[in-house]
Amino acid sequence: MDTIAFNNLIDPCNRRLNYLRISITDRCNLRCAYCLPCEDVPRLAHEAVLRYEEILRIVRVGVRLGISKVRVTGGEPLVRKGVIGFLSELSRIPEIQDLSLTTNGVLLKDHLEALKSAGVSRINISLDTLNPERYRSITGIDAFHAVWEGIRAAQAMGFRPIKLNVVALNGINDDELVDLAGLSLEFPFHVRFIEFMPIGQSRIETRSPLLVPDIQKRIGVLGKLVPIERAEMDGPAHRYRFEGASGEIGFIPAISHQFCRRCNRLRLTASGQLRPCLLSDRQEDLKGPLRRGCSDADLAEVFFNATRHKPADHNLAVGEPAHVCCQMRSIGG
Ligand code: SAM
């Protein structure tokens, strides 16, 4: 491992991969319409899920290859036992400059103190509606107020930035885009509109997806959107601010503009697979070699393989059928 140089996860398109997203569980306490089908999808057996110490070993190899940004996601990361201890361990890895969490927020309020102590200050929370009834119909659970209280408590405790992820869906929440965008005028939140991606099975009809140009047009009634200059660690989101707003608006044009040119990500699934592209099922096995006792150099080789096989772009033109079989909750979004 000592012979491996820093910063050498450079893919064939010259993108430097410095961002690892880790799904720590495929379990979730919500059943969002865009993430799960009606019928039960089998969950991973306990043994099939990477243990925290296994993930930490993978991350320690990753940081030696230039990974400096890590997001913990799921499934729902806050339902996995021991998540706070795991996050503390991650935040003690000096090479990680940016550690963040994506959560549905249902259990957030009760975890805020512990998250802060564990060194996590950047949180993304999924919030697709401001209507409690609709929240229940999208997610299957009556938890809007719990999530909103978690968001406000996080704000009061100084978590920054607080990003609110909105999957924009025709016929489901398109009549709320302006209200959701308006949160960035009232609060310092970063409201991010994500185009629906046909990944795994879901309960969403994809024939008329709601795309970023349309979203921009609709929320334009709130004022002029001023572009924000990209920062070094930014991912594929296009960032804007309404004039005078304390918050931001972000667009993730996964389908309409593609976001591949800016993609700096690798994804570690709950079952220990390294995926170079969210929208492709290609993956490299880390768990097998790890459990057979491989060296750190062998694990690094898996990172290099994933990097070599990162596609230039995805093949999901609007309206084409999905080719991604793995469920989003295993990949982590
Ligand atoms: N449970 C956490 C949550 O709800 O934020 C983390 C996991 S969730 C899979 C991560 C993100 O993926 C969420 O912001 C969710 O809205 C988004 N997501 C899930 N399925 C999606 C889809 N089909 N298209 C676009 N975004 C999706």
Side-chain angles (χ1 to χ4, degrees), residues 21-37 41 43-44 70-80 83 87 100-108 111 115 120 122-129 135 138-141 143-144 146-148 150-151 154 162-170 172-174 176 180 189-206 209-212 215 235-237 250-256 258-259 265 267-270 275 277-279 314 316 318 321-333:
R21 297 170 66 100
I22 306 171
S23 171
I24 60 168
T25 178
D26 66 336
R27 293 176 189 233
C28 189
N29 46 356
L30 298 183
R31 302 192 51 77
C32 297
Y34 50 77
C35 197
L36 283 175
V41 180
R43 292 187 309 202
L44 291 169
V70 170
R71 173 173 298 279
V72 173
T73 171
E76 172 48 40
L78 295 182
V79 302
R80 180 160 174 187
V83 61
L87 289 165
S100 57
L101 178 79
T102 299
T103 170
N104 57 37
V106 174
L107 302 173
L108 184 60
H111 283 81
L115 285 170
V120 178
R122 304 170 64 87
I123 315 182
N124 286 21
I125 302 147
S126 298
L127 187 72
D128 306 303
T129 175
Y135 186 93
I138 294 173
T139 67
I141 305 285
F144 172 80
V147 175
W148 185 246
I151 293 169
I162 296 174
K163 297 186 184 175
L164 305 182
N165 286 350
V166 180
V167 181
L169 297 161
N170 262 331
I172 295 184
N173 61 359
D174 57 326
E176 285 191 77
L180 286 157
F189 302 152
H190 297 193
V191 181
R192 292 146 46 99
F193 293 101
I194 306 172
E195 290 176 350
F196 170 75
M197 291 172 259
I199 291 178
Q201 302 158 273
S202 79
R203 315 197 290 281
I204 296 296
E205 174 56 65
T206 55
L210 183 49
L211 301 177
V212 162
I215 301 170
F251 298 104
I252 310 207
I255 307 294
S256 62
Q258 299 206 343
F259 47 17
R265 303 167 174 202
R267 290 177 166 82
L268 178 61
T269 70
R275 293 175 77 102
C277 173
L278 176 60
L279 289 149
H314 65 68
L316 290 180
V318 177
H323 299 296
V324 184
C325 299
C326 191
Q327 284 299 125
M328 190 68 127
R329 65 177 192 188
S330 291
I331 312 173

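Both backbone and side-chain heavy atoms feed into the values below; hydrogens, waters and symmetry mates do not. Whatever order the structure lists ligands and atoms in, that order sets their numbers, starting from 1.
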Looking at residues at least two apart in the chain, or sitting in another chain, which of them share a salt bridge (Lys or Arg N to Asp or Glu O under 4.0 Å) with Arg275?
Asp281

Could you tell me if Thr103 and Glu76 have a donor-acceptor pair between their side chains, going purely by distance under 3.5 Å?
yes

Mind telling me whether Phe144 and Tyr135 have parallel, tilted or perpendicular rings, with 30° and 60° as the class edges?
perpendicular

Please tabulate, one line per pair, the protein N or O atoms found under 3.5 Å from any N or O atom of ligand 1, giving the distance to one decimal.
unit_1	atom_1	unit_2	atom_2	d
ligand 1	1 (N)	Gly75	O	2.8
ligand 1	1 (N)	Glu76	OE1	3.0
ligand 1	4 (O)	Ser126	OG	3.2
ligand 1	5 (O)	Thr103	O	3.3
ligand 1	5 (O)	Ser126	OG	2.6
ligand 1	14 (O)	Ser126	OG	2.9
ligand 1	14 (O)	Asn165	ND2	3.1
ligand 1	16 (O)	Tyr34	OH	3.3
ligand 1	23 (N)	Tyr34	O	3.1
ligand 1	23 (N)	Met197	O	2.8
ligand 1	24 (N)	Met197	N	2.9

Checking Arg27 now: which residues fulfil salt bridge (Lys or Arg N to Asp or Glu O under 4.0 Å) with it, not counting sequence neighbours?
none

Is any side-chain heavy atom of Trp148 closer than 4.5 Å to one of Leu127?
yes

Could you list the donor-acceptor pairs under 3.5 angstrom formed between side-chain atoms of residues 162-170 and any protein atom two or more places apart in sequence or on another chain?
unit_1	atom_1	unit_2	atom_2	d
Asn165	OD1	Arg192	NE	3.1
Asn170	ND2	Ser208	O	2.8

